[in-house]
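This report concerns only the one structure given below.
Predicted model only: the values in this text are computed from it and were never measured. Quick note: numbers below take in every heavy atom, side chains included, and nothing from hydrogens, waters or symmetry partners. Quick note on labels: first sequence line is chain A, next is B, and so on, each numbered from 1.
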Amino acid sequence: MKPRLPLAVVSGYLGAGKTTLINRLLSEPHGLRLLVMVNDFGAINIDADLLAEAGDDTMTLTNGCVCCTMGADLYMAIGDVLDRDTRPDYLVIEASGIADPARIAQVAMAEPDLVYGGIATVVDGQTYASLVADPLIGAQIERQTSVADLVLISKLDHPDPALTLRLGVQSRAAVVDLAERNALAPLLFGGAPRTIPMVKGQAHAPYVTWSSSSPIQLDHEALLAKLNTRPAGLFRFKGFVAGPSGRGWEVHCVGPAVSVKPISQAQGTKVVGIGLEGQINPEQIENWWLD
Amino acid sequence: MSDIVVYSAKKIITMDVNRPEATHVAVRNGEVLAVGDARCADQWGTVTHDDSLKDAVLMPGFIEAHAHMMAGAMWEYAYAGFHDRIDPDGKLWPGLTDIDAVIGGLSDYAQGLDDDAPLVGWGFDPIFLKTERLSKKHLDQISTTKPIAILYSNLHLMCVNSVALEMAGFDHTTNAEGVIKGPDGTPTGELQEMAAMFPVMRRLNIDFRGLSQKETSIRAYADVSRRAGVTTVTDLYSEMEEEDVATMLRVTGEDSYPLRIVPALGAMSGPKAIADKAEALAKRSTDKLRLGAVKLMTDGAIQGWTARIKSPGYVGGQPNGIWNTPPEVIFQLVEELNSRGIQMHIHVNGDEAAEVALNAIEAALRKHPWMGHRHVLQHCQMMGRDLFTRAADMGLCCNIFANHIYYFGDQHVAMTIGVDRAERMDGARSAIDAGVNIAIHSDAPVTPMAPLFTAWCAVNRQTTSGRTLGHAQQITVQEALFAITLGAAYTLKLDREIGSIQTGKRADFTVLGDDPTKVDPMALKDVPVLGTVFGGRVHLL
Ligand SMILES: [Zn+2]
């Protein structure tokens, strides 16, 4: 059986810096084969050299459908990727500037062959306040941040604590200023993917990582209950958890979102966690998980 | 045999003021040579008389100025709607008006399927289900071995049976928003929105892309159109991939293909790219495939509370709708396309969306004045006299969604915009009085393609419940017939060639069993369509 494909949605209004973010991700040494799907108006500015270098791939999509009632094309394209002989390691969907990213990300909750990689919404720190006050488009922009699991502030020379606070109140997401991070892949894709070693030795990578292998067994209810008490500051948590009678669960938590899917043959319980430095330490994660 | 054929008819309604009625029309090389009596073409030489249509009433071939090619291809699946509908092959699918009829009708259909084929239905409309919702328990009565998926008419919902739930891995542990669960914690079978419908669609091989691109879809579209008396139809949001264009050129190019298609390229990329593509497509136009126009989306749909509407908003207090194209991009697209001389069809359901579109066009026309652009606002459902007047001032056409009054009018009164605004919605009277050239449309497959039914809606404004919604906006039969012929031709810039039966125009006729100008206006929708004549070729049903 092919491994499940994690899907992350990058959203944000026109000009917020979605493409810049994706180009940054492509250039980081995360060792993942990405497939970037772009669903937007205007020219595609994904850096072709970066794509080629990493053996990554890109697909552009349109909004073609009957009066936009379904937006079916995007989902059909996801189906095509799932049907490939070799799936990429991660699917990143660059949503259109006015898309509701939650509508797209929900497919990763529903489709058994996908796993939920979260919604990252990029916010232009200079224009956000005036955009959300716009009587025509404001509410739609605000929704993009309120459904996000991760809000990334772009285009500020210095972090703006007031904006960070505002976005933190408005959404349940972790709020991060892009200028303060030099490695983004851990935030977007999580700590240690299945086969690829964790990128180590990043200068000033301000992340806390933790992993655990244990004989823990949890049934569905117990697992959900456990996840509901995970410590604040544990931004990503993922892995495989053994359940009763040889079955088990694939778990992905991103910010406030929780996705649990069944696996038919569990091979022990192996999980990883990642958080933002200063907000959590490995002991706290360990204490929670083994408690 | 002479190359001039003179057709006789019980009556010919020409829509040409110079000779509103006639009994004979002469055709040569697919073109109208003369209109009048039996001797109308005598001065042109020897003629052949053809009396095969002598008992019929002829009108100019109807023009459906807003529909989608999917209208033909939906019939690959079982129809499960509330209203009677006729498929491209002429088979009547009686409306399924209670839950037993749905179960019975679909069970019969399932008998005809291969053992391993899924049962897929479409068009389901739960208006008769007052207290419960359609669920797997209903569909399991049809089959417990075959996967079943029934799409609702709004295309946002689906109900599936237990087999399909199992195939998609949906059970009590599923936590996806659109997978609805019952009190027992298991999925009820109802799936809301594409994200939740997708896992089932993927496993049942339901692919909506194929529906509007396959050769069979292009042929089915012609069948649907012919049954409705339509000889020119639009496909108002087409992707126009190279492969699709090639297939469309080939199929429509066949002599026996009885339909002219006017696709509008969907504006789904940047302004310059879309203008370049439209220009390139325009050069490849043929008689039966007219390329070069562009369709812009703006807001959503009123019945889904996604249309952008002005104060005081939705009666239930729902938040204002959504933009499918951001207003600033609408301005950029409109400016570029207008400056390049490309005609636009702009989707506007809510009045705020209409206003933004009008503002964008006004700004574009101030920069690049263009007499005769004939850009078209599509749907125009909430435009009042003020907005129609602005449209007239700028030379815009309005294509009004008249069928909405019948299919959704009651719902708009009760649930979306309330009675006073519902009574003036799809206001054809205001538009005509403001001096706008109008067309009226079905938006098939959203509602069935049938221009006489659409005309009936604009004339009578009756809803499904039988209520007359806004007497003041009713138009006359003559005005409605104009809107489905010459008015619609004008919005497509084809009024030089089609829209009336007069010398020099294409010999495209609708063949009717009765005279729509003589029947009771309430019977307009019941005037039988017997077929079409396309370019002088007779295509009876
Ligand atoms: Zn439409």
Kindly indicate, with the supporting measurements, whether the criterion side chain to side chain contact (heavy atoms under 4.5 Å, CB included) is fulfilled by B/Asn175 and A/Val260. CA-CA 8 Å; B/Asn175 70 330; A/Val260 173; 5.7 Å; no

Examine whether an atom of [X] lies under 4.5 Å from a heavy atom of chain B, and if so say whether it belongs to the side chain, the backbone or both; otherwise answer neither.
| X | answer |
| --- | --- |
| A/Glu111 | both |
| A/Leu224 | neither |
| A/Tyr13 | side chain |

Where do A/Pro112 and B/Pro199 come nearest, in terms of heavy atoms and distance? CD-CB, 4.2 Å

Hey, is CD on B/Gln318 packed in by over 12 heavy atoms from elsewhere, all under 6.0 Å?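 Yes, CD of B/Gln318 has more than 12 neighbouring heavy atoms, counting only those of other groups under 6.0 Å.
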
Counting neighbours of NZ on A/Lys270 that are heavy atoms of other residues, nucleotides or ligands and sit closer than 6.0 Å, is the number greater than 12? no

Please lay out, stage by stage, how B/Arg202 and A/Asp113 fare under the test side chain to side chain contact (heavy atoms under 4.5 Å, CB included). CA-CA 11 Å; B/Arg202 179 166 173 245; A/Asp113 289 351; 3.1 Å; yes

So which of A/Lys261, A/Glu221, A/His220 has the biggest tally of heavy-atom pairs under 4.5 Å with chain B? A/His220

Specify which of A/Asp83, A/Asp100, A/Ile78, A/Leu114 makes the most heavy-atom pairs with chain B at under 4.5 Å.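 So the answer, after comparing A/Asp83, A/Asp100, A/Ile78, A/Leu114, is A/Asp83.
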
I would like to know whether A/Met76 and B/Met194 meet side chain to side chain contact (heavy atoms under 4.5 Å, CB included); could you show each step before the answer? CA-CA 10 Å; A/Met76 300 296 151; B/Met194 266 306 288; 4.1 Å; yes

Could you give the distance from [atom1] ([X]) to [atom2] ([Y]), rounded to the nearest 0.5 Å?
| X | Y | atom1 | atom2 | value |
| --- | --- | --- | --- | --- |
| A/Leu136 | B/Ile330 | CG | CD1 | 9.0 Å |
| B/Phe198 | A/Leu74 | CZ | CG | 9.0 Å |
| A/Gln140 | B/Asn320 | CD | CG | 9.5 Å |

Specify which of B/Ala176, B/Ala195, B/Gly178 makes the most heavy-atom pairs with chain A at under 4.5 Å.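 Highest number of pairs under 4.5 Å: B/Ala195.
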
Between B/Glu328, B/Gln378, B/Gln332, the one whose heavy-atom pairs under 4.5 Å with chain A are most numerous: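 Between B/Glu328, B/Gln378, B/Gln332, the count favours B/Glu328.
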
[X] versus chain A, the contacting section by heavy-atom distance below 4.5 Å:
| X | result |
| --- | --- |
| B/Ala273 | neither |
| B/Val200 | neither |
| B/Leu265 | neither |

Charged N-O contact under 4.0 Å between B/Glu177 and A/Arg103: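 A salt bridge is absent here (no side-chain N lies under 4.0 Å from a carboxylate O).
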
Any non-hydrogen side-chain atom of A/Arg143 less than 4.5 Å from a side-chain atom of B/Pro319?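 When only atoms from C-beta onward are counted, B/Pro319 and A/Arg143 do not touch, as no gap falls below 4.5 Å.
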
